[in-house]
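Below: the structure, in structure tokens.
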2 protein chains.
Amino acid sequence: MTERRKAFPTSEELRIWRDFIETTEALRAELASRLQAESSLSPGDYVVLLALSEAEGRRLRPSELAARIGWERSRLSHQVRRMERRGLVRREECAVDSRGAEVVLTDEGAAAFANASRPHLRAIRELFVHPLSEDDLAATERITSALRNGLMAGRGA
Amino acid sequence: MTERRKAFPTSEELRIWRDFIETTEALRAELASRLQAESSLSPGDYVVLLALSEAEGRRLRPSELAARIGWERSRLSHQVRRMERRGLVRREECAVDSRGAEVVLTDEGAAAFANASRPHLRAIRELFVHPLSEDDLAATERITSALRNGLMAGRGA
DNA sequence: CGGTAATGATTGACGCGTCAACAAGTCGCC
DNA sequence: GGCGACTTGTTGACGCGTCAATCATTACCG
């Protein structure tokens, strides 16, 4: 308790921080690059296709879809526009709410997701699960949770 | 060793992965948003200004600068163009190599970095260091290192 | 030397993400 | 019914990142 009022990280803490943020960034980039190379899909494409695949009738209202994957509506709208151009999804009007729309998974989109899924999961295993021991994995869970709590507190307070 | 040949992550492992990647992403976004709000700087601005601040004579050749922060030259070139427009850095011709250039930190850029630095370090402490125990921090270091090794192996092999 | 390769740096095109503005529809409530 | 408030969804502008192409200069080497 001699350091309770410390305002800045020590250089040791800063080193750990930099390693952490650079490594997670590199991991993200490597996964994205493999996904792109193997399936011509971006991470954004993937999460949208995943959500639609799991949805009732392979279709969702944009707002609902955005909520499920934790995106802003605007971001989703841009993403859907790009995906529609490539035939992965289709927009339809919504019967019950004339403002609304529906995003529908096309057969092409479903096929693209099916092809992407296995190599992507393999890559997650190879680059994330495999390098970590069981203890590491448990520690990751604890750390993730602590950081998430810190974020909540930081945004709320 | 009953699972050595497993190709895909279990749903438990997948959950940990998703939490991990979403949380690190949220952390990155929160830091970026605070930096922007407090100092009108992007993370890219910050690392460039940091590198130039520490450089001999507050100036660096683009290639050298890119190497120090681990960026591609092209990315840096775009970044410098944007920063030059805002007066944070200046481009000069290089005396010893007529192909080359030099990126020079302006007084404005130095001031912007000085103003940004303290709140940014405070935010890193608040959102990363503080939520983690000493053990967590040590575990983070181990995990980071394991993931980095996994990346090396994955890219090389 | 002279020509080819390598290096330094930039650019343009394009995908992605955020923010603010906007159009259009629905809801609540008198 | 009608009017204001909220919701749904889209768009445009702009910053950011990657990739491939380009140009100028320097280095290598036969």
Side-chain angles (χ1 to χ4, degrees), chain A residues 22 25-26 28-37 39-49 59-104, chain B residues 22 25-26 28-37 39-49 59-104:
Chain A
E22 280 166 18
E25 167 59 22
R28 208 190 49 69
E30 178 66 17
L31 259 310
S33 147
R34 291 191 186 196
L35 190 59
Q36 189 66 238
S39 318
S40 300
L41 294 179
S42 70
D45 296 335
Y46 189 84
V47 301
V48 168
L49 293 177
R59 62 178 56 224
L60 282 172
R61 305 282 300 269
S63 279
E64 174 62 19
L65 175 50
R68 290 198 191 183
I69 62 184
W71 284 16
E72 294 178 15
R73 282 201 311 275
S74 157
R75 178 179 177 185
L76 180 66
S77 186
H78 287 303
Q79 179 73 35
V80 167
R81 176 173 43 73
R82 291 186 297 258
M83 291 177 76
E84 195 172 23
R85 280 207 311 248
R86 291 186 289 148
L88 299 172
V89 300
R90 187 169 11 103
R91 283 191 233 228
E92 287 184 6
E93 295 173 5
C94 178
V96 303
D97 184 340
S98 322
R99 297 173 291 200
E102 275 189 332
V103 185
V104 187
Chain B
E22 280 167 18
E25 167 58 20
R28 208 189 48 70
E30 178 67 17
L31 259 311
S33 147
R34 292 192 185 196
L35 191 59
Q36 189 65 237
S39 318
S40 299
L41 293 179
S42 70
D45 296 335
Y46 189 84
V47 301
V48 168
L49 293 177
R59 64 178 55 224
L60 282 171
R61 305 280 302 266
S63 279
E64 174 61 20
L65 175 51
R68 290 199 192 183
I69 63 183
W71 284 17
E72 294 177 14
R73 281 203 309 275
S74 156
R75 179 179 178 185
L76 181 67
S77 186
H78 286 302
Q79 180 72 35
V80 166
R81 174 172 46 73
R82 291 187 297 258
M83 292 177 75
E84 196 172 23
R85 280 207 311 247
R86 292 186 290 148
L88 298 172
V89 299
R90 189 171 5 104
R91 282 191 234 229
E92 287 183 6
E93 295 172 4
C94 179
V96 304
D97 185 341
S98 321
R99 293 172 294 197
E102 273 189 332
V103 185
V104 186

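None of the values given here were measured: they were computed from a predicted structure. Values reported hereafter were calculated over all heavy atoms of this structure, with side chains retained and with hydrogens, waters and symmetry mates removed. Lettering follows sequence order; numbering is per chain, from 1.
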Indicate yes or no: at least one non-hydrogen side-chain atom of A/L49 is less than 4.5 angstrom from one of A/M83. yes

List for me each residue that meets side-chain contact (heavy atoms from CB on, under 4.5 Å) alongside B/R91, sequence neighbours excluded, and say none if there are none. B/S77, B/V80, B/R81, B/E84

Between B/A101 and B/P62 the two heavy atoms that sit nearest each other are O-CD, 3.1 Å

Evaluation steps, side chain to side chain contact (heavy atoms under 4.5 Å, CB included), between B/L76 and B/V48: CA-CA 9 Å; B/L76 181 67; B/V48 168; 4.1 Å; yes

When rounded to the nearest 0.5 Å, the distance separating CD of B/E64 from CD1 of B/I69 is 11.0 Å

Could you check whether B/E92 pairs with B/R59 (Lys NZ or Arg NE/NH1/NH2 to Asp/Glu carboxylate O, under 4.0 Å)? yes

Residues in contact with DNA chain D, drawn from residues 63-77 of chain A - heavy-atom cutoff 4.0 Å: A/S63, A/R73, A/S74, A/S77

Which residues pass the side-chain hydrogen bond (donor to acceptor under 3.5 Å, both in side chains) test with B/E22, sequence neighbours left out? none

Can you tell me how far CD of B/E25 sits from CD of B/E30, rounded to the nearest 0.5 angstrom? 12.0 Å

Of A/E25 and A/V80, whose closest DNA chain D nucleotide lies nearer the 5' terminus? A/V80

Set of residues satisfying side-chain hydrogen bond (donor to acceptor under 3.5 Å, both in side chains) with respect to B/R73, sequence neighbours excluded: none

For B/R61 and C/dT10, what is the distance between atoms CZ and P respectively, to the nearest whole Å? 10 Å

Selection: residues 86-104 of chain B, any non-hydrogen atom under 4.0 Å of DNA chain D: B/D97, B/S98, B/R99

Applying side chain to side chain contact (heavy atoms under 4.5 Å, CB included), run through A/R61 and A/D97 and close with a yes or a no. CA-CA 10 Å; A/R61 305 282 300 269; A/D97 184 340; 3.8 Å; yes

Can you name the atoms? Protein N/O to nucleotides 13-15 of chain D N/O, anything below 3.5 Å, with the distance.
{"residue": "D/dG15", "atom": "OP2", "partner": "B/R85", "partner atom": "NH2", "Å": "3.4"}

C/dA9 phosphate, OP1 or OP2: any side-chain N/O from B/R81 under 4.0 angstrom? no

